[in-house]
Chemist: 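Okay, here's the structure, questions in a sec.
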Amino acid sequence: MKKIKLIEKIVNEGVVAVLRGETPDEVVEMAEQAIAGGLKTIEVTMTVPFALKAIEKLATRYSSTATDPDKFAIIGVGTVLDPETARAAILSGSEFVVGPSLNPATVALCNRYRVPVMPGVMTIQEIQTALELGVDIVKLFPGNLFSPAMIKAIKGPLPQANIMPTGGVSLQNLGEWVKAGAVAVGIGSDLTAEAVKAKDFSLVAKKAAQYMEAYRAAVR
């Protein structure tokens, strides 16, 4: 039941912050600002040096079961290429796993521990394989290679597929993706680029609030 409830929460929140940085502390600060801005689903990528330290710190501070809104957040891991990395992240507190591609062994590991897994896919064949492996949400990646119309095209033969575009989603097109049928969207560099350039992470909170406002407007 925990896995089902987590998936429901991820879908209800609607926007996943995909965070990359130079250090674990930098990513933790980005995450805290995103959460303060209302963006409660955080994906720490394994491309961050010592990423597991950031996941541990965030998982200690926040929980998907917290009743205090200041302590509620769903902390996950991204850019997972293999089951060994997935297991290490889960042990560090990650509540969901995201990969850039479909790795059956990683999906099997996550299913074993009842952890939501969202592998990256680009084709109907990959999506069908993911569904057969027991994946609940697939990540359409990189999203900037497609338009929102891609979701309608996928749902023609595979109406049961739950799709989360990541990469290329912006404030300008988020509503189009949601209205096209995306169950959630992943936001990457657009969330943090301005803050990194200005060396002012409070800008992450402002951008996060804008994304959540755009998402709420799209689902009304």
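These values consider heavy atoms only, across backbone and side chains, with no hydrogens, waters or symmetry-generated copies.
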Chemist: Side-chain atoms of residues 18-27: list all donor-acceptor pairs with protein atoms under 3.5 Å, sequence neighbours left out, distances to 0.1 Å.
Modeler:
unit_1 : atom_1 : unit_2 : atom_2 : d
T23    : OG1    : E26    : N      : 3.1
D25    : OD1    : K57    : NZ     : 3.2
E26    : OE1    : E22    : N      : 2.7

Chemist: Using side-chain heavy atoms (C-beta onward) and a distance below 4.5 Å, is K9 in contact with F72?
Modeler: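 Sidechains of F72 and K9: in contact.
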Chemist: With P119 as reference, evaluate V97, V98, L102 under the side chain to side chain contact (heavy atoms under 4.5 Å, CB included) test and give the passing residue.
Modeler: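 Only match with P119 under side chain to side chain contact (heavy atoms under 4.5 Å, CB included): L102.
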Chemist: Are V107 and I124 in one and the same hydrophobic cluster, where Ile, Leu, Val, Met, Phe, Trp and Tyr link if side-chain heavy atoms are under 4.5 Å apart?
Modeler: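 The answer is yes; both residues are in one hydrophobic cluster.
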Chemist: Closer than 3.5 angstrom, by distance alone: can the side chain of T85 be matched with the main-chain N or O of L81 as a donor-acceptor pair?
Modeler: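 Between the backbone of L81 and the side chain of T85 there is no qualifying donor-acceptor contact (under 3.5 Å).
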Chemist: How about V16 and T166: do any of their side-chain heavy atoms sit closer than 4.5 Å?
Modeler: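 In short, these two side chains do not touch, never coming nearer than 4.5 Å.
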Chemist: Side chains of residues 171-185: which donor-acceptor pairs under 3.5 Å do they make with residues two or more places apart or in other chains?
Modeler:
unit_1 : atom_1 : unit_2 : atom_2 : d
Q172   : OE1    : S170   : OG     : 3.4
N173   : OD1    : S170   : N      : 2.7
N173   : OD1    : S170   : OG     : 3.4
N173   : ND2    : G168   : O      : 3.0

Chemist: Can you tell me how far apart CD (E56) and CG (L58) are? Round to the nearest 0.5 Å.
Modeler: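 Those atoms lie 10.5 Å apart.
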Chemist: Measuring only between side-chain heavy atoms, which start at C-beta, is V196 closer than 4.5 Å to F201?
Modeler: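 Yes - at least one pair of side-chain heavy atoms lies under 4.5 Å apart.
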Chemist: Which pairs pass salt bridge (charged side-chain N to carboxylate O under 4.0 Å, His left out) with one or both residues in residues 196-212, sequence neighbours excluded?
Modeler: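 Qualifying pairs: D190-K207.
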Chemist: When clusters are formed by joining ILVMFWY residues with side-chain heavy atoms under 4.5 Å apart, either directly or through shared neighbours, do V121 and V169 land in the same one?
Modeler: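 In one cluster: yes.
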Chemist: Determine all donor-acceptor pairs shorter than 3.5 Å in which one atom belongs to a side chain in residues 129-142; sequence neighbours excluded.
Modeler:
unit_1 : atom_1 : unit_2 : atom_2 : d
T129   : OG1    : Q125   : O      : 3.0
T129   : OG1    : Q125   : NE2    : 3.2
E132   : OE2    : Q128   : NE2    : 3.0
D136   : OD2    : K3     : NZ     : 3.2
K139   : NZ     : G99    : O      : 3.4

Chemist: Which heavy atom of Y215 sits nearest to which heavy atom of N12, and what is that distance?
Modeler: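 For Y215 versus N12, the nearest heavy atoms are CE2-O, 4.1 Å.
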Chemist: Tell me whether L191 is reachable from V28 by hopping between hydrophobic residues (I, L, V, M, F, W, Y) whose side-chain heavy atoms are closer than 4.5 Å.
Modeler: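 In one cluster: yes.
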Chemist: Is it true that M46 and I187 fall in one hydrophobic cluster, defined by side-chain heavy atoms closer than 4.5 Å?
Modeler: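 Yes; tracing contacts between hydrophobic side chains, which count when under 4.5 Å, links both residues.
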Chemist: Could you check whether E95 and S64, counting side-chain N and O atoms only, form a donor-acceptor pair closer than 3.5 Å?
Modeler: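 Yes.
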Chemist: So, S94 side chain and V77 main chain: donor-acceptor pair closer than 3.5 Å or not?
Modeler: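 Judged by distance alone, yes, a pair lies under 3.5 Å.
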Chemist: Any non-hydrogen side-chain atom of M118 less than 4.5 Å from a side-chain atom of M164?
Modeler: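 With C-beta onward as the side chain, the pair touches.
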Chemist: Nearest 0.5 angstrom please: L145 CG to M122 CE, how far?
Modeler: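 Reported value, rounded in 0.5 Å steps: 5.0 Å.
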Chemist: What verdict does the side chain to side chain contact (heavy atoms under 4.5 Å, CB included) test give for S202 and Q33, after you've listed the backbone C-alpha separation in whole Å, the side-chain angles of each residue and the deciding distance to 0.1 Å?
Modeler: CA-CA 6 Å; S202 68; Q33 291 293 334; 4.2 Å; yes
Chemist: Considering non-hydrogen atoms only, spot the tightest contact between A34 and A208 and give its length.
Modeler: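 For A34 versus A208, the nearest heavy atoms are O-CB, 3.6 Å.
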Chemist: Who pairs with A105 by side chain to side chain contact (heavy atoms under 4.5 Å, CB included), at least two apart in sequence or on another chain?
Modeler: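 Checked A105 against side chain to side chain contact (heavy atoms under 4.5 Å, CB included); matches are P83, N103.
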Chemist: To the closest 0.5 Å, what do you measure between CD1 (I90) and CD1 (I55)?
Modeler: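 Rounded to the nearest 0.5 Å, the CD1-CD1 separation comes to 10.0 Å.
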Chemist: Going only through I, L, V, M, F, W and Y residues with side-chain contacts under 4.5 Å, is there a path from V219 to I163?
Modeler: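 Yes.
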Chemist: State, with a plain yes or no, whether a side-chain heavy atom of L52 is found less than 4.5 Å away from one of V44.
Modeler: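 Answer no - side chains too far apart.
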Chemist: If I take atom CE from residue M30 and atom OG1 from residue T192, how far apart are they, to the nearest 0.5 angstrom?
Modeler: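 M30 atom CE to T192 atom OG1 measures 4.5 Å (nearest 0.5 Å).
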Chemist: Please round to the nearest 0.5 Å and tell me the distance separating atom OH of Y62 and atom CD1 of I74.
Modeler: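 Rounded to the nearest 0.5 Å, the OH-CD1 separation comes out at 13.5 Å.
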Chemist: Test: salt bridge (charged side-chain N to carboxylate O under 4.0 Å, His left out). Region: residues 76-93. Which pairs qualify, not counting sequence neighbours?
Modeler: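 Found none.
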Chemist: Can you tell if the side chain of F96 reaches within under 4.5 Å of the side chain of E43, non-hydrogen atoms only?
Modeler: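 Contact flag for F96/E43 side chains = yes.
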Chemist: Distance check, rounded to the nearest 0.5 Å: Q160 atom CD versus I154 atom CD1?
Modeler: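 It is 11.5 Å, given to the nearest 0.5 Å.
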